[in-house]
Amino acid sequence: MAVKVVSELTRNHIHRLAADGKRVDGRGPDEYRPLKIEKGFVGSAEGSARVHLGKTEVLVGIKMDFGEPYADSPNKGVLITAAELIPMASPDFEAGPPREKAIELARVVDRGIRQTKTVDLEKLCIEPGEKVWLLFMDMHILDYDGNLFDACSYGVLGGLSNTIVPASRLEAEDYPLEIQHQPLSVTAAKIGNAIFLDPSLQEEQVADARLTVATDENGDVRAMQKGLNGSFTFDEIKEIVDRARKAGGELRKQIVG
Amino acid sequence: MAVKVVSELTRNHIHRLAADGKRVDGRGPDEYRPLKIEKGFVGSAEGSARVHLGKTEVLVGIKMDFGEPYADSPNKGVLITAAELIPMASPDFEAGPPREKAIELARVVDRGIRQTKTVDLEKLCIEPGEKVWLLFMDMHILDYDGNLFDACSYGVLGGLSNTIVPASRLEAEDYPLEIQHQPLSVTAAKIGNAIFLDPSLQEEQVADARLTVATDENGDVRAMQKGLNGSFTFDEIKEIVDRARKAGGELRKQIVG
Amino acid sequence: MAVKVVSELTRNHIHRLAADGKRVDGRGPDEYRPLKIEKGFVGSAEGSARVHLGKTEVLVGIKMDFGEPYADSPNKGVLITAAELIPMASPDFEAGPPREKAIELARVVDRGIRQTKTVDLEKLCIEPGEKVWLLFMDMHILDYDGNLFDACSYGVLGGLSNTIVPASRLEAEDYPLEIQHQPLSVTAAKIGNAIFLDPSLQEEQVADARLTVATDENGDVRAMQKGLNGSFTFDEIKEIVDRARKAGGELRKQIVG
Amino acid sequence: MEPEVRLLDENKRRLDGRAVDELRPIKIEAGVLNRADGSAYLEWGGNKVLAAVYGPREAHPRHRQDPARALVQCRYNMAAFSVSDRKRPGPDRRSVEISKVVSEALGHVVFKEQFPRTSVDVFIEVLQAEAGTRCAGLTAAAVAMADAGIPMRDLVVSCAAGKADGTLLLDLGKEEDNLGEADLPVAIVPRTGEIVLLQMDGHLTPEELETSLKSAIDACHKIYEIQKDALRRRYAVTTEHGGAPPPPKEPETEADTPPTTEEPKPEEVEAPEPVVPETQEGE
Amino acid sequence: MEPEVRLLDENKRRLDGRAVDELRPIKIEAGVLNRADGSAYLEWGGNKVLAAVYGPREAHPRHRQDPARALVQCRYNMAAFSVSDRKRPGPDRRSVEISKVVSEALGHVVFKEQFPRTSVDVFIEVLQAEAGTRCAGLTAAAVAMADAGIPMRDLVVSCAAGKADGTLLLDLGKEEDNLGEADLPVAIVPRTGEIVLLQMDGHLTPEELETSLKSAIDACHKIYEIQKDALRRRYAVTTEHGGAPPPPKEPETEADTPPTTEEPKPEEVEAPEPVVPETQEGE
Amino acid sequence: MEPEVRLLDENKRRLDGRAVDELRPIKIEAGVLNRADGSAYLEWGGNKVLAAVYGPREAHPRHRQDPARALVQCRYNMAAFSVSDRKRPGPDRRSVEISKVVSEALGHVVFKEQFPRTSVDVFIEVLQAEAGTRCAGLTAAAVAMADAGIPMRDLVVSCAAGKADGTLLLDLGKEEDNLGEADLPVAIVPRTGEIVLLQMDGHLTPEELETSLKSAIDACHKIYEIQKDALRRRYAVTTEHGGAPPPPKEPETEADTPPTTEEPKPEEVEAPEPVVPETQEGE
């Protein structure tokens, strides 16, 4: 991906606003852009969710298939997460195998789901050591206007929450996948000394540092990822975790609600 | 592959001739370049044919091996077609994995063979669901002077027609592969308003559109592929199909004899 | 790898010295740089050796795992040799899959080990046709100052000589891998009419031709590889083989002790 | 290939109730994405397809640039979850071939000489697949190109005809495609009737081929109306997607023609009301 | 994840005898390679890590160059033999992610604007791995950068905290990492306390997170002393590795600060003697 | 490796009836392809090999260009169907190594300084393989280079010697290669006797090595005559392949020397009538 250049003018404008705690699109510091989740959009998938987060749009599809378990967890199903930053979504995305940005995205979203034990992998075991369910979570980025971590996090949780396990392939009855926890990521961007949640693309481009915090329904922390060249202070981390817990609670209602 | 540039002079010359129904090498509109087929050229292959079509030369080798059938056709052997546009054949071909031109070539030739049921894949089943014959059709382009679709089509049919199934590996006796049908492709190029069969490289480079039609020994159509940025009218398609059926009949005699 | 350029000045200087039988670092023609071998450096490997040959440093790790034998040698273990010219070791090495230089290195070192039957592969068979030991020899180049063939050859022999077969994974007892032979490569570089053993990087860069000769403990020849654009005469080959046998004998004492 | 499932009942009704010459329902919406210069979303039976267009923009890598004209480069891609058995991400050989023939077809209508050294990049994403995705993708891509204001002679529109259960059918459905005897995807330039994409596999007599081809062409003209309607709606609305749509790069001159009529061809017969003959189609 | 193995005995001693707030032994040597512009070798418990730095040198491929500043590009790599089950050579997804976050962390301290269009290339090779390799690699890389004379605000130093067997632990060992409940790798700029790397996975309450983060930061300050000591030794010796070490590209001004203090920040609190609280860490 | 099959009968006759010091039949034809600048087809026992040469032409990618001389770049490739078990298309590690040593050998005879920044691209395609393909390919490639008019000091010619069943053999056949004890491929510049390719694997005493090397060299001189004969025939005929052959880029000065003698070396001993000693060879 080529280096993204933002004009100095734009950069200065956003920074000046941020110094006053203001955002370029008028949102409050913790205010998310409008979130719209359309579950079950893809009929060919076992579960799916189309997410609009402002002008960012992602489509998550959940597919299930048979496979072998890992040798060190013979009685567990396998979770596989992939993200495609397809060139449709942005002039900066290129076709080809996933680069570091897509890999980080997939791994951070995966971490939130996996560490929260959102899905009980032991229930995805069919025959220990031999045959288990593979659960594929594919994130397709369609329109990129910033904050993919959160949009994908919501899409994956939304997709899992309407997934039907195709047990009829095993001569059983199909049944809804059970969701044990509801992890949600909240991403903050630091611009100068201001910290804003749900950064838009413009904000991301001028941000110094980024922090994604995934919390569960109890407000416990399940995954974190800091990004960009900038830094956070200890107190900023604490503050972001706190704000993430609050924001996560409200978003959770919209998504699994 | 870099963009192929032909001098405007050459282009105009060929177009002017075409406007009078004439070709740059003096051939008639439906006249093929001299076709020479040498079957059994490669001793290490189960079947093979070396084809000279004018100055174009291709070598097709047929190999057979054991493998597993596809899940959705457990009692059928598997046909695998590949084309290599090796850099030996043209200054425009590059080493490396097949690009779109090689992929299209392989897929179009494959389609002609497969759709015609040239080989009865059920006879290539050894043990249903477990073990079948894989039939590899590898097309090696050695010298490129245009019309690879047809040269490869003839090479594949020629190669299949002298293939010996190595059944002795299964404690049986080797036997010749049975050919059920004789599909042959005929390719037409449109230059201005003229349509010529068996385009040479020069003609291909200035052609507006290309149409490949594979017909069987009854003159029925089994596969088609239109190429290039230009277009055909409905009547032109009908005309080409008609000419392809006639030309195919004559070529078939030369190839399967 | 980009073309390596050495200044004409350096080139001329080294050639002038060579014309008098002298080397730029003052060594005698057959004198090796100081050799230091640290066996068992890597605890996570079944065997290992860290080799300093002058300023060249390589780390060889031996790993063992279960796998399937080749179809044509069902009762033999499998030897797998790989070299990584990681960009840490030289500004000229690039990240990515092994290029021709790394492939040649791995293949030449492998040839010396394999042809000498250093390891009795039949003893690495666990269940004929089903399960055998895979023996991985991974050569990691850490610091590149010339003569990787020899440094890696010594590292591999050193690594094998302290390898413990992890038979406890099979409910047996771990035991030291038996080394049947001690092949060692000796590499000569031809600079003008002079021939020097153990070329440094500077010497390699101005050399006309290179010859690597692997001999066993009896002085028999087990593998050879000529490199670079230059040539050798028949008599030079004979002479190098002779010098390689002598040098090999002395080096062997240092390595297997 | 003798289907055990009967694909037609005694009244020549198909599994989904369609007549032999009946298209599946088609719905197109233009201008659905924010980042792309132009976009379109299309549903066609069970197919859900998104198309986006960027350009004309500098072609890269540089050595692929054509000093005399724009490249039209299409990438057809299926989402991993768009089919029953998860598809491995990335282009397979089928996608590469489809990308090639679709690029060639779209390239015919673009005024490429106006934009040397550039590329018009077209991205087709199949989100849900159910037979006929290349026709659906190509039809959507043409609308996305118009939405992007790419100067074009006309739209391109695509439909397949085919044969299943011994009968010629229009616009094959999933089972008809899997079990059928022939598939003939076609794309045309509606104003001129020029055929810019043509593929076929299966088994057709020359007469069947002619009938099927005519049937597909006629259906293309119907679908053309749906394309134009989507573009009309796109430029009639103003704020449906949050913000006024960008004006097309070429001014729209007539209310009932797409904004692509950079070079009107008044002498050409306007697309007639298509009459679908007693034939049938599919992918 | 309820470990059947007890990771702590009744006296809160860990499997390797450490206290809950105790680091594994750490040893750093600077300037160990000949070809690289700077290098460092680090042992941290059972981890053996080598770091090398080249640059600032022309960034390539060219289109990746930043006209305004240097790139800091790290490649984290595990040797095939560094883990129990042989690792396939080449970058896997985990390595790609680690390379990214380590590059970002190191990038914070480099005076990048001084070297536009160049790249500072950092190579981390894990020769033997035993939990916490990213922290070990990043800590070694900072020393190698100083050894290379790259102008930097300060070193970067990294350590993880975590939770296993229900207890917060510093610097998780292998079993603690495999069976534990949470891992929190952290990297800081010691002079300012700025946090430049932060990842977490597992399950921590906000209070546990805060305690663990504090614990990791305190440990970083301890490790910083080991880093500085390695650099002091490097520039005190002259011929240990056969030949005098190259002078750093920026003159060293004080004996007891690393050669990286291009822009001293006297107003900042000197790293205090770290007090490790009753907490614990790990990768 | 103790062969159970006896490779020699009591009269020291080999499986195919050859004497220990006898080459398999060799046939070379120059100028067999139309597009390539030069080409050659070679049959050597059961080997069928095609070689083609393009150049000197601009080397690309650019950063590989050498400002002082031409690159000689060979790509050795085996067709998928050239061996009993189908070979996966594309270069494997063996092919990469062979391409490298063949490139180095051919590079020795080309007047590279005359064509800076260019590449002489040599393509060797093994169409049917039966032991000794690298020698066959290199021998064919030299003829193709001469056919292309590449200015060269001389041809390069290659042959292997080896050992099987305890006996030194010339030019190993398939079973001898598979079951044998040693293989020693050699390539020389015939006019000077310089050795430009030398590889060996197996087990030979120094004396056996010397004898084998001599035997391979002697055989090379015989094969050189076949090469020259092919080139003579190529330039004697005019229209066999439909059209006059292109004149070589450097004028041919003597009827019985190849068109490659750009810089005759009259002081060098003309290749003597080779005397094959009581030895044997193979790949």
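Naming: A, B, ... by sequence-line order, numbering from 1 per chain. The figures that follow rest on heavy atoms only: side chains count, while hydrogens, waters and symmetry mates do not. These numbers come from a predicted model, not from an experiment.
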Could you tell me whether A/Arg107 and E/Glu97 make a salt bridge, using a distance below 4.0 angstrom between a side-chain N and a carboxylate O?
yes
Need one label for E/Ser99: side chain, backbone, both or neither, based on atoms under 4.5 Å from any heavy atom in chain A.
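Interface part for E/Ser99: neither.
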Is atom [atom1] of [X] surrounded by more than 12 heavy atoms (other residues, nucleotides or ligands) closer than 6.0 Å?
X	atom1	value
E/Lys87	NZ	yes
A/Asp235	CG	yes
A/Asn193	CG	no

Please flag which part of [X] lies under 4.5 Å from any non-hydrogen atom of chain E: side chain, backbone, both or neither.
X	value
A/Arg114	neither
A/Arg222	both
A/Asp216	side chain
A/Val221	both

Spacing of [X] atom [atom1] and [Y] atom [atom2] [to the nearest 0.5 Å]:
X	Y	atom1	atom2	result
E/Met200	A/Gln115	CE	CD	7.5 Å
E/His203	A/Thr116	NE2	OG1	8.5 Å
A/Glu100	E/Ile98	CD	CD1	13.0 Å
A/Leu228	E/His108	CG	NE2	12.0 Å
A/Phe234	E/Ile217	CZ	CD1	5.5 Å

E/Lys100 (side chain) donor-acceptor with A/Lys101 (main chain) under 3.5 angstrom
no
Tell me if a side-chain donor or acceptor on A/Asn229 pairs with a main-chain N or O of E/Glu104 at a distance below 3.5 Å.
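Indeed, once roles are kept as given, a pair shorter than 3.5 Å links the two residues.
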From E/Leu209, E/Leu213, E/Leu204, residue fulfilling side-chain contact (heavy atoms from CB on, under 4.5 Å) relative to A/Met224
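The side-chain contact (heavy atoms from CB on, under 4.5 Å) with A/Met224 is passed solely by E/Leu209 among E/Leu209, E/Leu213, E/Leu204.
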Residue that, paired with E/Leu198, satisfies side-chain contact (heavy atoms from CB on, under 4.5 Å) out of A/Ile237, A/Val213, A/Thr212:
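Of the listed residues A/Ile237, A/Val213, A/Thr212, the side-chain contact (heavy atoms from CB on, under 4.5 Å) partner of E/Leu198 is A/Ile237.
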Can you check side-chain contact (heavy atoms from CB on, under 4.5 Å) on A/Glu104 and E/Val101, steps first, answer last?
CA-CA 9 Å; A/Glu104 185 187 28; E/Val101 294; 4.0 Å; yes
